[in-house]
Amino acid sequence: MWAVGRGFPLNKSVSFFQRYLQIYISKTTKGLCRTSLINSNRTSVMRKMSPFVPLLCVCLDVCAVHALRLAHFSLLLRTPPFLTLWAGALIRASLLVFLAFTFPGCPPWTRSSRGLQSVGVLCFHFPVYVALVWLLGGSVVEELWGWHSWERIFQGYAVTAVALLYFIKASSAWSKAPPKTSGPDTRASLNRLLGYMRPYLGRFVFVLALVILSSYGEMAIPKYTGRMTDWIIDDESPEAFSQAITIMTLMTVGSAFFEFVCDLVYNITMSLIHTSVQAAVFQAVLRQEIAFFDATPTGVLVSRITTDTNDMSEALSEELSLLMWYTGRFAFLLFFMVSQSWKMTLLTCMGLPIIWVIPELTGHFHQITAKKVQESLAKANQVATETFSCMKTVRSFANEDGETEKYRKRLEETYSLNKREAAAYAATTWANSITTLALKVCILYYGGTLVTRGAVSSGDLVSFVLYELQFTSAVESVMRYYPEVKKAIGASEKIFEYLDRKPQKPPSGTLEPEVLTGHIQFKNVSFSYSGKSDESGLVLKDVSLEIKPGQITALVGLNRSGKTTCVKLLERFYQPQSGEILLDGKALHSYKDEFLHEKIAVVSQDCVLFARSVRENIKYGYEQASDEEMFTAAKQASAHQFIEKLPKGYDTDAGERGGSDLDVENEHQVRQTLMSLKKNCSVLTISNKMSVAKEADRIVVLDCGEVKEVGSHQELMERGGLYATLVEKQEQGISRQEEENAEEEKTA
Ligand SMILES: Nc1ncnc2c1ncn2[C@@H]1O[C@H](COP(=O)(O)OP(=O)(O)OP(=O)(O)O)[C@@H](O)[C@H]1O
């Protein structure tokens with residue numbers, strides 16, 4: 001440091017230091033690396049030495065502590081012990097950090113936050129502890145003069161190892177939570193969820209109070225069992241004993257009752273929240289433009305509304321409630337344990353990482369083996385499936401024995417993996433119980449010495465052991481459920497995505513005139529479903545056409561020429577990229593949405609029936625219609641008689657998407673009805689059948705999204721263009737079909 005202060009270049013001081021370390025390593029590791037160090041690439045050799053480097057750092061640290069110890073006891077340096085303690089910690093920390101950052105052999109983790117944190121714990125935990133004891137008025141003489149003893153040095157490393165294990169456990173639990181995406185973060189989702197919870201704030205406060213009361217009640221059994229042990233040992237009066245039993249029973253029953261009420265209120269509240277979120281998402285989805293439904297598969301939409309909201313609310317109902325319970329228990333257990341004996345509590349906390357880490361390591365091995373077993377089973381199943389599905393081929397090659405042998409080999413592989421899995425499972429279970437047992441033995445041993453010294457009573461030890469039993473699982477549960485709850489909140493982002501989505505369509509207009517003649521004009525309309533206006537994607541290209549009131553206009557053309565698209569634009573499902581559509585001389589988008597959909601009626605070839613009664617289907621979107629109006633509509637569609645014959649008439653359930661397509665007879669009937677209605681409205685018919693177009697007053701011929709011809713049937717036939725060709729081809733097709741049918745009949 002001095003050299004740096006005097007303007008000595010840092011890299012020089014580093015290489016100077018490194019040289020000494022290299023000499024040190026070459027001496028300690030004797031011939032093992034001496035020859036290698038002579039090589040020019042010293043740094044790479046140093047990296048190879050990295051397994052020894054932590055050991056070297058520990059040795060240097062111990063040397064530094066002993067050097068400080070000598071300085072501390074030296075008569076020449078009469079520094080106050082507090083100052084020596086803190087200065088010593090600072091020197092140790094500086095030395096270790098300097099080593100980590102300058103010595104190339106140091107593993108990278110020593111330079112990470114985890115490494116620096118460990119250095120901090122190693123060097124400063126004891127000074128902080130001494131300072132706290134001193135502030136609380138305790139005696140610190142022994143600690144101030146003995147901090148450099150071997151016992152304290154080992155204790156320091158043990159504390160650092162435990163802290164590191166805690167840190168690893170916490171970070172692995174946290175990393176199970178979903179990674180942050182570029183979308184809204186968990187905090188934003190949490191705020192949204194809290195927004196839904198706000199109306200029930202009173203209930204949540206009530207639930208929280210019940211959690212606290214119930215958790216407190218659960219402390220009764222350990223507490224009074226300990227008391228009773230004391231009374232039994234001390235041979236106290238039977239009244240005190242029965243009083244303890246009564247209080248314990250009351251508290252336990254009370255706790256169970258509070259838990260029941262709490263669960264009930266909490267789950268009902270969460271169901272209410274779930275219902276309101278689900279309804280809001282459904283409404284938000286319905287608001288979207290039709291292109292959104294084209295692009296999003298129905299399954300995804302349904303899953304977002306049902307599965308995703310269910311998953312979220314289930315996770316929040318179950319995991320959040322468990323998190324609350326265990327946090328409440330954890331807090332009370334910690335409080336009662338500390339009040340029994342803070343030393344035993346510290347021992348428990350130090351033992352916790354060990355009972356997590358060892359089973360986790362064996363559990364990891366078990367998981368890997370279980371996965372391999374699954375894969376191997378899948379391979380065996382594949383052989384079986386393949387063989388059965390190609391049974392004819394197997395038989396024709398007479399390869400039954402070959403396939404059996406192949407299947408047997410796969411099963412043998414699975415069997416050997418099964419054996420490993422069984423061993424891994426046994427090891428995991430064993431590691432679980434042995435580590436838990438070891439911690440208990442340690443606590444009992446340490447507690448026993450405290451009881452012998454008279455520091456705690458036997459009853460306290462009994463209570464403590466009972467608290468500790470619950471404490472371990474409470475801590476584990478908190479660490480398990482916290483990431484789960486975070487994950488559930490993260491998953492809610494997907495739901496809010498729909499709630500936040502703004503429909504990509506212009507707002508509804510305001511016009512709703514009392515009189516509407518129904519004069520429709522397409523003026524230079526171009527449209528593409530992709531939203532792009534480049535020529536290749538256009539489905540309609542510069543289309544101009546007119547649908548006059550009191551007339552029937554037919555839109556004809558080959559398949560995919562854009563006929564249906566014109567109707568979709570008329571219904572405002574999509575917006576044209578350019579051009580405009582006018583209704584009675586006013587832009588279509590200036591009309592109110594509801595008004596427009598009331599005025600434009602679409603009779604489709606393949607209409608849809610909802611899984612509701614026939615009555616509800618007919619009145620769909622116009623519930624206020626009278627039964628008379630409904631009968632008239634059904635009669636016009638020649639469905640009245642048919643419906644009357646159904647088991648429950650108009651109240652018969654139509655069934656989901658029941659067979660509803662128009663047959664030839666019905667189609668003719670509907671057409672006749674439309675013809676009779678044409679005086680009061682504009683009629684646009686779309687059909688591939690030229691016979692339908694023939695009856696229209698005006699025919700618009702579309703080809704590849706462009707208007708090719710406009711006129712009456714007569715005019716277009718005389719022109720001899722596309723329409724005439726289509727009519728001709730269709731007539732030929734019909735006559736050929738008739739000939740084929742006649743021939744079939746003959747042969748029959
Ligand atoms: N929702 C959609 N998304 C993307 N492209 C579409 C969509 N609907 C139709 N198309 C495409 O637009 C073009 C015109 O289709 P449209 O259904 O309007 O033709 P059509 O003349 O009514 O055909 P048909 O007589 O076969 O019903 C076709 O190429 C079709 O593939």
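Nothing fancy with the numbering, it's 1 onward along the sequence. Numbering of ligands and ligand atoms starts at 1, following listing order.
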Subject >> Value rounded to 0.5 Å, distance of SG in C390 from CD in E403 >> reply: 8.5 Å
**OP:** Give a yes or no on whether the backbone of K541 and the side-chain of S526 come within a donor-acceptor separation of less than 3.5 Å.
**Re:** no
Original post:
Do L511 and K586 touch side chain to side chain, with heavy atoms closer than 4.5 Å?
Top reply: yes
Original post:
Where the side chain of E616 meets the backbone of S613, is there a donor-acceptor pair that is under 3.5 Å apart?
Top reply: yes
**OP:** May I ask you to decide whether E629 forms a salt bridge with K619, counting only side-chain N to carboxylate O separations under 4.0 Å?
**Re:** no
Subject >> Quiz item: cation-pi between R203 and Y266, 6.0 Å / 45° >> reply: no
Original post:
For ligand 1, what is the set of protein residues having any non-hydrogen atom at a distance below 4.0 Å?
Top reply: D294, Y529, V539, L558, N559, R560, S561, G562, K563, T564, T565, K568, Y574, N688
